[in-house]
Amino acid sequence: MSSLRCTITKNPIIFLVDTSTTLNQLKQIHTQLLINGILNDPHLFGQFVASIALNNPINLTYSNRLLDHCHNPTLFTFNSMIRAHCKSSTPHKSFEFYKRILASTHRLSPDNYTFNFLVRSCAQILSLESGMLVHGSVLKHGFDSDPHVQSGLIFMYAEMGCLDSCHKVFDQIPVPDLVCQTAIVSACAKWGEVVLARKLFDEMPVRDLIAWSAMIAGYAQCGLSRKALDLFNLMQIEGVKVNEVSMVSVLSACTHLGALDQGRWAHAYIEKNRLKMTVTLGTALIDMYAKCGDMNKAMEVFRCMRERNVYTWTSVINGLAMNGAGKKCLELFSMMKQAGVRPNEVTFISVLRGCSVVGLVEEGREHFDSMRRVYRIEPQLEHYGCLVDLYGRAGHLDEALNVIDDMPMKPHAGAWGALLNACTIYKNTEMGELASRKLVELEAKNHGAYVLLSNIYADSKEWDKVTDVRQVMKAKGVKKLPGCSAIEVDGEVHEFFVGDESHPRYNEIEFMLGEISRRLKLAGYVANTKPVLFDIEEEEKEDALCKHSEKIAIAFGLISLKQHQPISIVKNLRVCWDCHDVTMMISKIFDREITVRDRNRFHHFKDGQCSCKGYCTRIRDTIMILLVCSFKKQSSSSSSNSGSDENSSEKPAIILKVVDPPEPKIVVIMAGDEKPSFLAMPAVSSTICRCDHQV
DNA sequence: ATAGGGTTAG
């Protein structure tokens, strides 16, 4: 304590407390300060409170109590408390201190620091209502010309998804500084205006590392991984140094593209330039290797990491599940628990999928039950979906259906999709029909018009609902992704979207597509008698199946890679059944090994077979064609609004089930129709396309 | 005495 006394008299109080100060030490220091009467000085008291609150969030309660007993805290003290709370897990408490500033008997008035921190608290709690109130106070107190407050407001509205408000704030700044410019770029990229984001980025007179990172991350987050990497290259040409934060976005782009070579290069860069191997960076590396098919390397990085958080463990567990290593996946899960890292809801999804791929039904069920029992995690839709999948793939279809029936919430497309998948494996057409019907029903409602919805609520000033919608969006990471396949040739990634004809070698690709089609036919593959399951789970509903992005990528692989080189494709969505079968055939006819990584797992095609075997087979004799037709139901008696669309609604339409292939018939099932009518089947062309029926 | 923008797992 004598050394402490010395410190107190000689140094500013701020040096007394740091991040490693324990509660006990804190109490001792506090006692000494009281004895010395040092805390009577409001200035020093403020410093003491600030150092406690800011250094260690665990001590926040201590500083809260300290302040309760103080009658005349300074504005600095209050600001420090608001600042400490906006970073904490209890950001809403900032407002208590804001209120105390306003109610202060010493005529305190909030300043630019107050609002800077307060705005960030609003961003934390995602309360648009509070945000608007605070914004109003900012204007009232005249701090809207403070650049810190400006960037704070943009950041806050961006967090809540109110892009319009971001623009309003930004447009009113006469000369926005670098930080505000970066904030608006990030906001635009985050909410779908990526072209505008790039325009604003290009117009920036000066761009620092964070500005580059924001734009690269923006591309990576909305699925434009190719552009993210291009921009990264440009950044290096301009001589901007990369740090560990920006590298994470680059790795994320490599992951999504399946660009293993570039990912390896990034790893080498990290080591050569001695970037700090943070948990986040290490996790991004693991995820990259796992999803680019090099699970060994992923494990190696994992083993080398000193610090591992729940993201790290989940990435590696998920990687093992994706690669079909179910047992190993469960081993790691058990190690994770031993290491004292608490699994979260995402971890359980990976664990359940691990159980599913190796058919460990009992174990999976136990883990599912432990979620609630041990970890107090309420299973969500996704977990029930995994459970349906677990039972379904193991052939326990009734139990799978029971899971759906017993779900405490309305089953989603994923759950019915999992059941349908199981029904096709085990050829249960009856249950399959039920599942298909439910799927179509749900699909029609699944328009994902979140933004629209929240704007409607905002217009009617229902802020709570806006907040709800935004939270759901944030939680679910709602993003619209076009179907896209990538292939790396000589270290360069070529990306193909659905029906994409933009590649410089597209003429050759098209020729190869024709060649594939010709040789498949020669080998007896006749598309129009082959089953086509229209995969309505995914968003690819383009007309010509032959223009699916993975087929274009495979065709490009065939023309650009040497005979002995395996073709490795990465797709951002799930591979549809038709492409799956065609790829199997190609692997045989062209004598090529083809690996396709889709959204869920790896498919290794060789000699006409796929490694996912039982899990990918489907009904061959009973052909099901699911044809989803969007059509507008004619408004039956809409005389009041002549010709308006108001009474029309998008409705699920028709499921066509083809039975007995040689002379196929079509079962037409209307949604909600109990008696299907039979029609003779017209010549079904190989391209099953969307049809717009009028009923 | 105190500030701001970019990052990871389903």
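Each chain gets a letter, A, B and so on, in the order its sequence line appears, and its residues count up from 1.
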Can a salt bridge be assigned to the pair [X] and [Y] using a cut-off of 4.0 Å between side-chain N and carboxylate O?
X      : Y      : result
A:E96  : A:K99  : no
A:K199 : A:E203 : yes
A:D369 : A:R365 : yes

Assign [X] to base, sugar-phosphate, or nothing according to its heavy-atom contacts below 4.0 angstrom with the strands shown.
X      : answer
A:N116 : base
A:S246 : base
A:L54  : nothing
A:N79  : base
A:S315 : sugar-phosphate
A:L209 : base
A:A284 : nothing
A:F155 : sugar-phosphate

Which nucleotide sits closest to the side chain of [X]: [options]?
X      : options              : value
A:K291 : B:dA1, B:dT8, B:dG10 : B:dG10
A:E345 : B:dG10, B:dG5, B:dG6 : B:dG10
A:N243 : B:dG6, B:dT8, B:dG4  : B:dG6
A:V245 : B:dG6, B:dT8, B:dG4  : B:dG6
A:H148 : B:dG4, B:dT2, B:dG10 : B:dG4
A:Q47  : B:dT8, B:dA1, B:dG4  : B:dA1
A:E382 : B:dG5, B:dG10, B:dT8 : B:dG10
A:N309 : B:dT8, B:dT7, B:dT2  : B:dT8
A:T182 : B:dT7, B:dG5, B:dG10 : B:dG5
A:N318 : B:dG4, B:dA9, B:dG5  : B:dA9

Okay, side chain of A:E378, backbone of A:R372: is any donor-acceptor separation there less than 3.5 Å? no
Between A:S104 (side chain only) and A:R100 (backbone N and O only), is there a donor and an acceptor less than 3.5 Å apart? no
Separation of [X] atom [atom1] from [N] atom [atom2], in whole Å?
X      : N     : atom1 : atom2 : value
A:E159 : B:dG4 : CD    : P     : 15 Å
A:M156 : B:dG5 : CE    : P     : 14 Å
A:E307 : B:dT7 : CD    : P     : 19 Å
A:F115 : B:dT2 : CZ    : P     : 20 Å
A:Q150 : B:dG5 : CD    : P     : 14 Å
A:H256 : B:dA9 : NE2   : P     : 6 Å
A:D208 : B:dG6 : CG    : C1'   : 9 Å
A:R353 : B:dA9 : CZ    : P     : 14 Å

Heavy-atom pair of closest approach, residues A:H367 and A:K337: CE1-NZ, 4.1 Å
Closest non-hydrogen atom pair between A:L60 and A:A84, with its separation: CD2-CB, 4.0 Å
Is A:Q221 close enough to B:dG6 that one of its side-chain N or O atoms is under 4.0 Å from OP1 or OP2 there? no
